[in-house]
There are 2 protein chains.
Amino acid sequence: ACELRQVSMHYPDGDETRAALDAVSLRVAVGEFVAVMGPSGSGKSTLVHVLAGVEPATAGEVAIRGEVLGPQDRRAWIRARRKDIGVVYQRLNLLPTLSALENVALPLELDGFNRRAAASMAAAALADVGLASLAHRRPDHLSGGQQQRVAVARALVGERSLLLADEPSGALDSAAAEDVVRLLADRARAGGAVLMVTHDSRMASWADRIVELRDGRLTGVAA
Amino acid sequence: ACELRQVSMHYPDGDETRAALDAVSLRVAVGEFVAVMGPSGSGKSTLVHVLAGVEPATAGEVAIRGEVLGPQDRRAWIRARRKDIGVVYQRLNLLPTLSALENVALPLELDGFNRRAAASMAAAALADVGLASLAHRRPDHLSGGQQQRVAVARALVGERSLLLADEPSGALDSAAAEDVVRLLADRARAGGAVLMVTHDSRMASWADRIVELRDGRLTGVAA
Ligand SMILES: Nc1ncnc2c1ncn2[C@@H]1O[C@H](COP(=O)(O)OP(=O)(O)OP(=O)(O)O)[C@@H](O)[C@H]1O
Ligand SMILES: Nc1ncnc2c1ncn2[C@@H]1O[C@H](COP(=O)(O)OP(=O)(O)OP(=O)(O)O)[C@@H](O)[C@H]1O
Ligand SMILES: [Mg+2]
Ligand SMILES: [Mg+2]
């Protein structure tokens with residue numbers, strides 16, 4: 001599970017500061033599937049980045065599986081991202097020199113799985129998103145939606161306890177989008193904690209609970 | 001206007017070739033707004049790239065404003081992209097070292113407008129997509145949907161006769177997406193030829209005509 005307690009995130013903006021997140025409190029419990037919606041620029045990706053520890057909160061607390069991790073806990077964050085957190089980034093962040101299979105297998109290898117086991121788990125994850133036949137392609141030879149599905153497979157592989165998905169279906173047709181949200185819902189039912197940012201109300205309808213961000217402030221049931 | 005006549009596009013795939021486009025014929029007339037839909041991987045971005053001359057067709061003819069432009073007509077394609085074609089790329093392709101305003105102004109400066117005129121037109125285009133206050137930000141300090149709107153503004157600026165938009169609303173909430181499709185529809189009514197790739201049937205419903213790509217083949221009314 002994960003929790004934000006009164007988390008704020010301020011960016012410098014010229015000689016002012018601007019709050020991308022403003023005193024946000026949110027909890028995603030084990031087995032729960034939470035959707036986060038809100039206008040463009042409202043702070044959704046910032047919320048995901050703070051939960052993944054790739055951007056430091058400027059106030060408040062972030063807890064992963066009950067452990068509070070601050071901006072200075074670099075090692076703990078690296079370990080958490082390696083073992084406990086799967087992320088689909090809005091910009092995907094696939095490695096261009098690796099094949100789809102190698103991209104998906106990498107987190108497992110970093111987590112200690114041997115190459116054969118990692119490759120076999122990665123192949124299964126790619127099959128789950130309909131990309132089995134494209135395992136050996138590099139990202140720049142894949143369509144936008146195929147790249148997005150590789151990023152989804154990479155987040156799902158290894159059944160991490162926390163799954164953060166930042167708009168995982170933006171480039172997908174409705175059939176492929178439904179496959180993705182079904183996989184996320186299955187993860188929650190199997191005991192994961194899943195947070196999905198989406199603009200698509202049909203995707204959000206699969207969640208147990210929907211919260212909204214607006215100008216960095218969260219509305220909806222916090223826990 | 002623009003036209004594809006029996007256009008094919010083959011990629012090498014290991015020791016085979018695969019058709020991303022298969023004998024596609026399509027015409028977008030002056031003043032017409034055409035939507036292109038289809039599953040992930042069906043060839044939609046390839047169609048846009050061939051119409052913009054950034055990928056060469058392997059068979060068939062591409063005509064921009066009545067002039068047939070082949071893969072070897074490099075200068076003619078460069079001139080067409082500078083003067084006649086505005087493109088929203090699926091991957092956006094914004095320049096990271098330039099501000100939003102500079103990114104939007106660049107096509108105008110390349111087209112011969114002086115700096116002041118280009119900046120003023122760019123500012124108006126950013127205002128049209130709700131980003132007037134973010135004109136001086138660089139892309140990496142913008143949200144995903146804000147970046148997408150900068151790319152839309154850049155394609156709209158200068159009222160080019162052909163507008164190609166490859167999934168221009170994938171990262172936008174429904175209100176911002178509606179603003180974008182309204183701007184595209186306005187361009188067509190003002191005499192542009194507009195082709196929009198989308199997965200969103202509500203966006204597609206604004207078009208005069210919807211065609212579908214499936215495994216590289218086009219169905220629907222070709223002209
Ligand atoms: N450089 C390449 N080499 C080999 N195959 C490619 C290359 N680029 C694209 N493809 C393949 O061509 C097909 C069409 O790709 P395209 O990007 O046009 O699809 P699309 O309809 O835009 O998909 P999406 O909706 O996911 O963006 C896909 O199956 C893709 O894997
Ligand atoms: N490095 C930065 N410096 C300054 N402002 C930033 C920076 N990164 C993001 N912002 C601003 O913070 C706000 C929130 O950004 P964020 O990316 O979280 O929005 P979002 O809700 O994910 O939007 P979208 O739906 O468009 O992806 C935006 O207004 C954005 O311009
Ligand atoms: Mg975002
Ligand atoms: Mg595409």
Side-chain angles (χ1 to χ4, degrees), chain A residues 11-14 16 18 20 37-49 89-92 94 129-131 133-134 136-137 139-150 152 166-177 179-180 197-202 204 212-214 216, chain B residues 11-14 16 18 20 37-49 89-92 94 129-131 133-134 136-137 139-150 152 166-177 179-180 197-202 204 212-214 216:
Chain A
Y11 287 112
D13 188 19
E16 306 182 1
R18 183 179 288 267
M37 304 189 75
S40 172
S42 55
K44 305 179 299 297
S45 294
T46 304
L47 186 150
V48 168
H49 293 170
Y89 292 99
Q90 187 169 12
R91 304 295 287 161
L92 308 187
L94 297 177
V129 293
L131 294 180
S133 63
L134 298 179
H136 303 296
R137 289 259 189 99
D140 63 346
H141 289 187
L142 292 174
S143 78
Q146 290 165 346
Q147 292 173 5
Q148 190 165 47
R149 282 183 278 162
V150 174
V152 170
D166 193 351
E167 304 199 38
S169 70
L172 299 179
D173 55 279
S174 49
D179 292 341
V180 166
V197 169
T198 186
H199 286 301
D200 188 333
S201 48
R202 273 163 312 171
E212 258 216 45
L213 266 176
R214 193 166 280 276
Chain B
Y11 288 112
D13 189 16
E16 307 182 2
R18 182 180 290 267
M37 303 190 76
S40 172
S42 56
K44 305 178 300 296
S45 294
T46 304
L47 187 149
V48 168
H49 293 170
Y89 292 98
Q90 186 167 13
R91 304 296 287 161
L92 307 185
L94 297 176
V129 293
L131 295 180
S133 62
L134 298 179
H136 303 295
R137 289 260 190 98
D140 63 346
H141 290 185
L142 291 173
S143 78
Q146 290 165 347
Q147 292 173 5
Q148 190 166 48
R149 282 182 278 162
V150 174
V152 170
D166 193 351
E167 303 200 38
S169 69
L172 299 178
D173 54 278
S174 50
D179 291 343
V180 166
V197 170
T198 186
H199 284 304
D200 187 334
S201 48
R202 275 163 312 171
E212 259 216 44
L213 266 177
R214 192 166 281 276

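Predicted model only: the values in this text are computed from it and were never measured. Below, read A as the first sequence line, B as the second, and so on, with proteins coming before strands; counting in each chain starts at 1.
With a 4.5 angstrom heavy-atom cutoff, A:Ala175 does not touch chain B via any of its atoms. In this structure, chain A has no heavy atom under 4.5 Å from any part of B:Leu131. Residue contact with chain A, scored on non-hydrogen atoms closer than 4.5 Å, is absent for B:Ala176. Of the two parts of B:Arg18, only the side chain, counted from C-beta on, holds a non-hydrogen atom closer than 4.5 Å to a non-hydrogen atom of chain A.
Atoms CG and NZ, on B:Asp173 and A:Lys44 in that order, are 6.5 Å from each other to the nearest 0.5 Å. If you take CD on A:Gln90 and OG on B:Ser143, they are separated by 7.0 Å, rounding to the nearest 0.5 Å.
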Derivation and outcome, side-chain contact (heavy atoms from CB on, under 4.5 Å), residues A:Asp140 and B:Arg91
CA-CA 11 Å; A:Asp140 63 346; B:Arg91 304 296 287 161; over 6 Å; no

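By the side chain to side chain contact (heavy atoms under 4.5 Å, CB included) test, A:Ala204 pairs with A:Ala35, A:Met37, A:Thr198, A:Ile210, sequence neighbours left out.
The one candidate from A:Gln147, A:Gln146, A:Gln148 that meets the side-chain contact (heavy atoms from CB on, under 4.5 Å) condition with B:Ser40 is A:Gln146.
Each of A:Glu167, A:His141, A:Arg137, A:His136 has some count of heavy-atom pairs under 4.5 Å with chain B, and the biggest count is that of A:Arg137. The residue among A:Ala171, A:Ser174, A:Gly145 with the most heavy atom pairs within less than 4.5 Å of chain B is A:Ala171.
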